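The block underneath contains the structure these notes are about, expressed in structure tokens.
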Amino acid sequence: MPQQQPQPSPTPPKKKKVRVPRVVNGVETMVEIEVDDVAGPGWGPNDKHTLLNHRLTRVDGPLKVSGAAQYTYDVRLPGMLYGRILRCPHAHARVKRFDSSKAATMPGVKAIIQTPLTEQTPLTEFRFAGSPVAAVAATTAELAQDAARAIVVEYEVLPHVVRAQDAIKPESPEVLGRDPKKPGERNLRLANKSGDAQKVETAIDACDGVVEAEYYTPRIHHACLETHGMVVDYSGGGSATVYATTQGTFTIPEDAATELGLPQSAVTATVQHMGGGFGSKFGIGIEGMLACRLSKQTKSPVKLMLNRYDEFVMAGNRSGSWQKIKAGANKDGTLVALRATQYRLGGVGQGSQANQPYAAYRAGENYREVYSLHTNEDSSIAMRAPGHPQASFAMESLLDELAYKIGMDPVAFRKQNMRDPIYHRQLDRGAREIVWSRRNRNAGAGAGPLKRGMGCGAGTWGGGGNNQCKVAVTVGRDGSVLVAVGTQDLGTGTRTYTRAIVAEELGLQIKDVVEQIGNSKLGAANPSGGSTTAASLSPSVKDAAIKTRLALAEKISPLLGNAKVDEIAFASGNVTGGGKSLAWKQACSALPAAGVTAHGEWRQDLQSRGVHGVSFAEVEVDIETGKVRPIKMVQVQDGGLPLNRLTMESQLNGGMIQSLGMVLWEGRVMDAKLGLQLNPGFGDYKLPGSLEMPEFVPIIDDEDKREVVIGIAEACIIPSMGALANAVFNACGVRVRELPITPDKILMGLMSERRSA
């Protein structure tokens, strides 16, 4: 017999380097990675799908509305203890004496831990009211709370400052101390600066219209319905399970293992459902560290979920902003020059704020200085589109003021200064929907106390993916289909589109596929932040589904007259090829006992980065009471291929609702003298409710023909900020530059106008 020649090894795919977003603690950074330089079957035209780009009901909806979905807050384990936290009541203080002896002897108390959890110092210093001082584990939550109250702590109260305008003064108390490597003004840290200040001033001096103003946005609370926390199930053995309310399944095991003294592989993180994050839930946090320490000390499961007061004062907030901007434009609508001094108000954290001029716009000359301005408040953390709503509000307000100054239509003025023509068509589409021609030509025009007005704004975002997701699809001999990956679903529809991608590839319906997610023992996945989940996960799911289809075709080809693999079609629950047709389950019955499993990797060509959106708002202002009533909001948003139109519209509506809160109602109220938050609860922290909802018109920009997936969730909140504020001005003629736009600010503005008339 002739000797069989060895088969040549397959040529490895070429590699290329690409820049992709990675999210760390909710903040997006760009990194360079190496990927295979290959392409395969794509998504196809956006309007040719059988499931994707349709309105799909969420598969987890019935579980949630029936109360069957299990959140971390619902977990109850045998022998479980409950944790509670003792907080510092002062904005700045040192611990002089800590005595937990009485608390330790109370019935049911099993453990007490003092913070900080790092190496103890003789004098522990806390820099904001609400800082965790100690944690208690007891047999009931009530006993744990009583024990926390029984701990005796004596403090040396130190000077504090919680208002940005006070913190910048030379005589203000130092919040973090001076940094010798970064000399500057008290409590200020320079983040970046760019441009030539003298060129900008010279250009502004020659402009037809000039506006110089200051804009403020307060620190905003995430308002997650499920508070931060976790259940740590550790009994002193060689493994542990952590039930976490988190935006990143795989952000939990390493940190929890460190606290428990276990190898990372011995810790399993699980998150089946979670009640809101918006950027605030990455890693285990201080509450998770305390839960791990208490569980390790007691060798029992410990459930430590923050109560609502804890959530408000120690779980982080959106960064506030203070922006001083001067800009000039010519009568032809050209934005000639812009100068900005931007303060990021992040409490003891660095804060976040996008640079001016905001990304959708261009200016001939621009100069900016961006600083972190520190106060004795809880550190800011990421919140939906970190830093963008603040910058967009100021920029959109400024542009509106300039448009009125030079007598130009605000939509036309924006189009004149936009880098990307995509915004032009979106502005035209939104203007038609809201009937922009009805707006007041002169702000505050019209008879009677109820004044109507309109405004507009624009936003941008990245939304690209990365190569962190590993997906497995398994088809059983009985026709069952399972798609498995460790990712979490924040309520944004991940479960639904994961099923839909596989079902469409195999010619099935969503009900024919089951997903398994939310466990760190499954395939790796990226943390859900920066709108990177859809663009990271869906390409990996698509790749796994394609490989599964090809593997199935190879197995059942003999049943179809040895039809070529690439000619076998899967559609409408049937498999066809070679002139023959088999029902799905009939075809699967030919599979081996273990079925067929294929693994998917991220493909760069199935996703992209960069979205555009515009918003229009109509409001009614009662000039006798100062009350603002939103009437209608329109948002136009692109995003490549919409995986689920119903979910994308829901995201747009959610972004508009969050913008309503930020512009008209929300904000932490601080007592400057005591350094305490005065509204740490849903009773006093004002959020928009059902009675405040206007008509919402979410419009998916189907003129975007890109056949790729791009995340859009962060972008949804940005453009409507300025649209709402500008609508208020158009309605009543009062320009409110400090959010929220409350009745007192409207009335004071009207009174000031009457005095100057």
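Quick caveat: nothing in here was measured; it's all calculated off a predicted structure.
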- Check ion pair Arg384-Glu714 (N to O, under 4.0 angstrom): no
- 4.5 Å side-chain heavy-atom contact, Leu664 and Pro740: no
- Query: Could you walk me through whether Val231 and Val242 pass the side chain to side chain contact (heavy atoms under 4.5 Å, CB included) check?
  - Reply: CA-CA 6 Å; Val231 178; Val242 177; over 6 Å; no
- Quick one: do the Gln488 and Ser528 side chains pair a donor with an acceptor below 3.5 Å? yes
- Using a 4.5 Å cut-off on heavy atoms from C-beta on, say whether the side chain of Met383 contacts that of Ile220. yes
- Query: Given the rule in the side chain to side chain contact (heavy atoms under 4.5 Å, CB included) test, do Met314 and Leu306 qualify, once you have shown the distances and angles that lead to the verdict?
  - Reply: CA-CA 9 Å; Met314 60 168 283; Leu306 301 186; 4.3 Å; yes
- Message: Pairing donors with acceptors under 3.5 angstrom, does anything connect the side chains of His92 and Glu125?
- Response: yes
- Member of Phe312, Phe682, Phe278 meeting the ring pair (Phe, Tyr, Trp, His ring centres under 6.0 Å) criterion with His221: Phe312
- Looking only at non-hydrogen atoms, find the nearest pair between Val136 and Val109 and report the distance. CG1-CG1, 4.0 Å
- Task: Please round to the nearest 0.5 Å and tell me the distance separating atom CG of Asp60 and atom NE2 of His273.
- Result: 6.0 Å
- Query: Less than 4.5 Å apart, any side-chain heavy atom of Ser659 and any of Pro389?
  - Reply: no
- For the side chain of His222 and the backbone of Gly276, is there at least one donor-acceptor N/O pair under 3.5 Å apart? no
- Task: Verify, without hydrogens or angle tests, whether Asp255 (side chain) and Thr258 (backbone) share a donor-acceptor contact under 3.5 angstrom.
- Result: no
- Candidate pair Ser172 and Asp166, rule side chain to side chain donor-acceptor pair (under 3.5 Å), full reasoning: CA-CA 6 Å; Ser172 68; Asp166 295 333; over 6 Å; no
- Query: Distance-only, no hydrogens or angles: does the Thr105 side chain make a donor-acceptor pair with backbone N or O of Lys102 under 3.5 Å?
  - Reply: yes
- Note on the structure: To the nearest 0.5 Å, atom OG1 of Thr115 lies from atom CG of Leu86 at 8.5 Å
- Query: With distance as the sole criterion, is a donor-acceptor pair present between the side chains of Ser380 and Asn317 under 3.5 Å?
  - Reply: no
- Could you verify whether a donor N or O on one side chain and an acceptor N or O on the other, from Ser321 and Thr217, lie under 3.5 Å apart? yes
- Message: Can you confirm whether Val485 sits close enough to Leu537 that some side-chain heavy atom of one is under 4.5 Å from a side-chain heavy atom of the other?
- Response: yes
- Task: Decide yes or no on side chain to side chain contact (heavy atoms under 4.5 Å, CB included) for Met106 and Leu143, but give the supporting numbers first.
- Result: CA-CA 8 Å; Met106 294 175 65; Leu143 287 172; 5.7 Å; no
- Message: Any carboxylate oxygen within less than 4.0 angstrom of a Lys/Arg side-chain nitrogen, looking at Glu156 and Lys96?
- Response: no
- Task: Return yes when atom NZ of Lys299 has more than 12 non-hydrogen atoms of other residues, nucleotides or ligands closer than 6.0 Å, and no otherwise.
- Result: no
- Measuring from Asn25:CG to Thr251:OG1, what's the distance to the nearest 0.5 Å? 8.5 Å
- Locate the shortest heavy-atom distance separating Arg219 from Gly347; write the atom from each residue and the value. NH1-N, 3.2 Å
- Query: Is it true that a side-chain atom of His374 and a backbone atom of Arg189 form a donor plus acceptor pair closer than 3.5 Å?
  - Reply: no
- Do any N or O atoms from the side chain of Asn526 and from the backbone of Gln468 form a donor-acceptor pair under 3.5 angstrom? no
- Message: Working note: Tyr685 + Glu666, criterion side chain to side chain donor-acceptor pair (under 3.5 Å); need CA distance, chi angles, decisive distance, verdict.
- Response: CA-CA 7 Å; Tyr685 184 88; Glu666 290 187 64; 2.5 Å; yes
- Query: What are the two closest heavy atoms between Val302 and Leu294, and how far apart are they?
  - Reply: CG2-C, 3.9 Å
- Pair Arg22 + Glu28: basic N to acidic O under 4.0 Å: no
- Message: Using a strict threshold of under 4.0 Å (side-chain N to carboxylate O), is an ion pair present between Glu259 and Lys296?
- Response: no
- Task: Go through the steps for Gln353 and Arg344 under the test side chain to side chain donor-acceptor pair (under 3.5 Å), then give the verdict.
- Result: CA-CA 6 Å; Gln353 192 178 144; Arg344 309 188 308 199; over 6 Å; no
- Task: Check the pair Val271, Tyr71 against side chain to side chain contact (heavy atoms under 4.5 Å, CB included), reporting the backbone distance first and the verdict last.
- Result: CA-CA 7 Å; Val271 48; Tyr71 294 78; over 6 Å; no
- Message: Please check: side-chain N/O of Ser300 versus main-chain N/O of Thr298, any donor-acceptor pairing under 3.5 Å?
- Response: yes
- Side-chain ion pair, Glu377 and Arg668, N-O less than 4.0 Å: yes
- Note on the structure: Taken to the nearest 0.5 Å, the spacing of Met305 CE from Thr227 OG1 works out to 4.0 Å
- Below 4.5 Å, heavy atoms only, C-beta onward: do Gln272 and Tyr243 meet side chain to side chain? no
- Query: Would you say the side-chain atoms of Ser66 pair up with the backbone N or O of Pro62, donor to acceptor, closer than 3.5 Å?
  - Reply: yes
- Query: For atom NZ of Lys521, is the number of surrounding heavy atoms from other residues, nucleotides or ligands below 6.0 Å larger than 12?
  - Reply: yes
- Task: Salt-bridge test for Arg97 and Asp99: reply yes if a basic N is under 4.0 Å from a carboxylate O, no otherwise.
- Result: yes
- Heavy-atom nearest pair, Gly464 first then Ala535, reads C-CB, 3.6 Å
- Query: Looking only at side chains, do Thr496 and Arg58 share a donor and an acceptor under 3.5 Å apart?
  - Reply: no
- Message: We want to know whether Asn653 and Gln651 form a side-chain donor-acceptor pair, criterion being a heavy-atom distance below 3.5 angstrom.
- Response: no
- CD (Glu287) and CD (Glu311) are apart, to the nearest 0.5 Å, by 8.0 Å
- Query: Just wondering, more than 12 heavy atoms not from Lys110 lying within 6.0 Å of its NZ?
  - Reply: no
- Of all the heavy-atom pairs spanning Thr487 and Thr249, show the shortest one and how long it is. C-OG1, 3.9 Å
- Task: Using atom types as modelled and distance alone, determine if a side-chain donor or acceptor of Arg84 lies under 3.5 Å from a backbone N or O of Ala148.
- Result: no
- Message: Can you confirm whether Trp665 sits close enough to Pro688 that some side-chain heavy atom of one is under 4.5 Å from a side-chain heavy atom of the other?
- Response: yes
- Do Lys281 and Thr245 have side-chain N/O donor and acceptor atoms under 3.5 Å apart? yes
- Note on the structure: Correct closest heavy-atom pair for Ser319 and Gly346 would be OG-N, 4.1 Å
- Task: State, with a plain yes or no, whether a side-chain heavy atom of Ile151 is found less than 4.5 Å away from one of Phe98.
- Result: yes
- Does Asn466 reach the main-chain N or O of Pro21 with its side chain, forming a donor-acceptor pair under 3.5 Å? yes
- Query: Is the backbone N or O of Asp489 less than 3.5 Å from a side-chain atom of Thr494, with the two atoms forming a donor-acceptor pair by type?
  - Reply: no
- From OG1 (Thr533) to CG (Leu490), nearest 0.5 Å: 6.5 Å
- Query: Hey, are the side chains of Val133 and Arg87 touching, using non-hydrogen atoms and a 4.5 Å cut-off?
  - Reply: no
